[in-house]
Amino acid sequence: MNIKKLLSAVLVPVMLFTGCSGGNEDDNVQTADADPAEVVSAVLAEIPISSAVEKGTDDVETYYVDVDISELDSAAFSLCGSGALPDEIAVLKFKTADAAKSAEAGLQSKLSSRIDVFTDYTPDEMYKLDTAKVYSVGNYAVYLALSDNDRAKTIVDEKLKG
């Protein structure tokens, strides 16, 4: 048997079994049914926010004005209560993955406005916004602007991906 036929015989079933989508790996990821408040608490246990104020589902529309909340299931977020620091984490759970993906644009708008405010206000804190993460995983949309965004993302992903 020649090598091309052997590779075809092995690789084609593997590709069919694993699925060869070219999309974002998080688009169709199976997520745990995580409580957003528990996810936020897990992150804050390692990466605290100075003067933290915790908010929930009823406050999303006020703080994230560009996020369509018509499909929002539950939410938790925490931010610096004094407003002096850009520190913020939000975990928004939606009824569908499409709604979570759509929320990314609203969260990105929030990040852009925070960058505009903090560039001159507290330039020493800009690293939190420069490395901020805005993304979705399954039915969850996430906003991270903390002192260690890579570690925060790892914690969030562990909680959401089960």
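Please read all numbers here as calculations on a predicted model, not as lab measurements.
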*Does one hydrophobic cluster hold both V117 and L111, with members joined at side-chain heavy-atom distances below 4.5 Å?*
yes

_Give me each pair satisfying ring-ring contact (aromatic ring centres under 6.0 Å, His included) with a member in residues 142-161, each pair once, sequence neighbours excluded._
none

*asked:* In the structure I gave you, are the side-chain heavy atoms of V142 and V134 within less than 4.5 Å of one another anywhere?
replied: no

*asked:* Hydrophobic clustering (ILVMFWY, side-chain heavy atoms < 4.5 Å, transitive) - are Y63 and V40 grouped together?
replied: no

_side-chain hydrogen bond (donor to acceptor under 3.5 Å, both in side chains) partners for T62, two or more places apart_ = none

*Taking only residues at least two apart or on different chains, which pairs with a member in residues 40-59 satisfy salt bridge (charged side-chain N to carboxylate O under 4.0 Å, His left out)?*
E46-R151

*Could I get the full list of side-chain hydrogen bond (donor to acceptor under 3.5 Å, both in side chains) partners for D148, not counting sequence neighbours?*
none

*Main-chain N/O of N139 paired to K101 side chain as donor or acceptor, under 3.5 Å*: no

*Just how far is it from atom CG of L144 to atom NZ of K153, taken to the nearest 0.5 Å?*
8.5 Å

*Looking at residues at least two apart in the chain, or sitting in another chain, which of them share a side-chain contact (heavy atoms from CB on, under 4.5 Å) with A52?*
I49, S78

*ILVMFWY cluster membership beyond V65 - transitive side-chain contacts under 4.5 angstrom*: none

_Residue list, ring pair (Phe, Tyr, Trp, His ring centres under 6.0 Å) with Y64, at least two apart or on another chain_ = F77

_Spacing of CG belonging to D87 relative to CG belonging to L79, to within rounding of 0.5 Å_ = 9.5 Å

*Would you sort out whether V156 and K133 count as a side chain to side chain contact (heavy atoms under 4.5 Å, CB included), showing the intermediate values?*
CA-CA 11 Å; V156 169; K133 312 280 187 210; over 6 Å; no

*asked:* My understanding is that only residues two or more places apart in sequence, or in another chain, count here; which of them pass side-chain hydrogen bond (donor to acceptor under 3.5 Å, both in side chains) with T131?
replied: N149

*Side chains of Y140 and V39 in contact at under 4.5 Å (non-hydrogen atoms)*: no

*Pairing residues for Y121 by the ring pair (Phe, Tyr, Trp, His ring centres under 6.0 Å) criterion, not counting sequence neighbours*: F118

*Going through the distances and angles, do Y135 and D157 end up as a side chain to side chain donor-acceptor pair (under 3.5 Å)?*
CA-CA 11 Å; Y135 66 103; D157 289 349; 2.9 Å; yes

*Heavy atoms only: give me the nearest S147-I47 pair and the separation to one decimal.*
OG-CG2, 3.4 Å

*Please report the closest heavy-atom contact between C80 and A84, naming both atoms and the distance.*
SG-N, 4.0 Å

_Path from L160 to L146 over hydrophobic side-chain contacts below 4.5 Å_ = yes

*Is E104 close to L107 at the side-chain level, that is, under 4.5 Å between some pair of heavy atoms?*
no

*Looking only at heavy atoms, what is the nearest atom pair of A141 and A100, with distance?*
CB-O, 3.7 Å

*asked:* Are L44 and I155 connected into the same hydrophobic cluster when the rule is that any two of I, L, V, M, F, W, Y join if their side-chain heavy atoms are below 4.5 Å apart?
replied: yes

*Any salt bridge (charged side-chain N to carboxylate O under 4.0 Å, His left out) involving residues 111-123? Give me the pairs, sequence neighbours left out, ordered by first then second residue.*
E88-R114

*Got a sec, which residues hit side-chain hydrogen bond (donor to acceptor under 3.5 Å, both in side chains) with D124, two or more places apart in sequence or on another chain?*
none

*asked:* Heavy-atom count check: over 12 atoms from other residues, nucleotides or ligands less than 6.0 Å from E61 CD?
replied: no

*asked:* Taking NZ in K128 as the centre, count heavy atoms belonging to other residues, nucleotides or ligands within less than 6.0 Å. Is the count above 12?
replied: yes

Side chains of residues 89-99: which donor-acceptor pairs under 3.5 Å do they make with residues two or more places apart or in other chains?
{"residue": "K93", "atom": "NZ", "partner": "D33", "partner atom": "OD1", "Å": "2.3"}
{"residue": "T96", "atom": "OG1", "partner": "A99", "partner atom": "N", "Å": "3.1"}

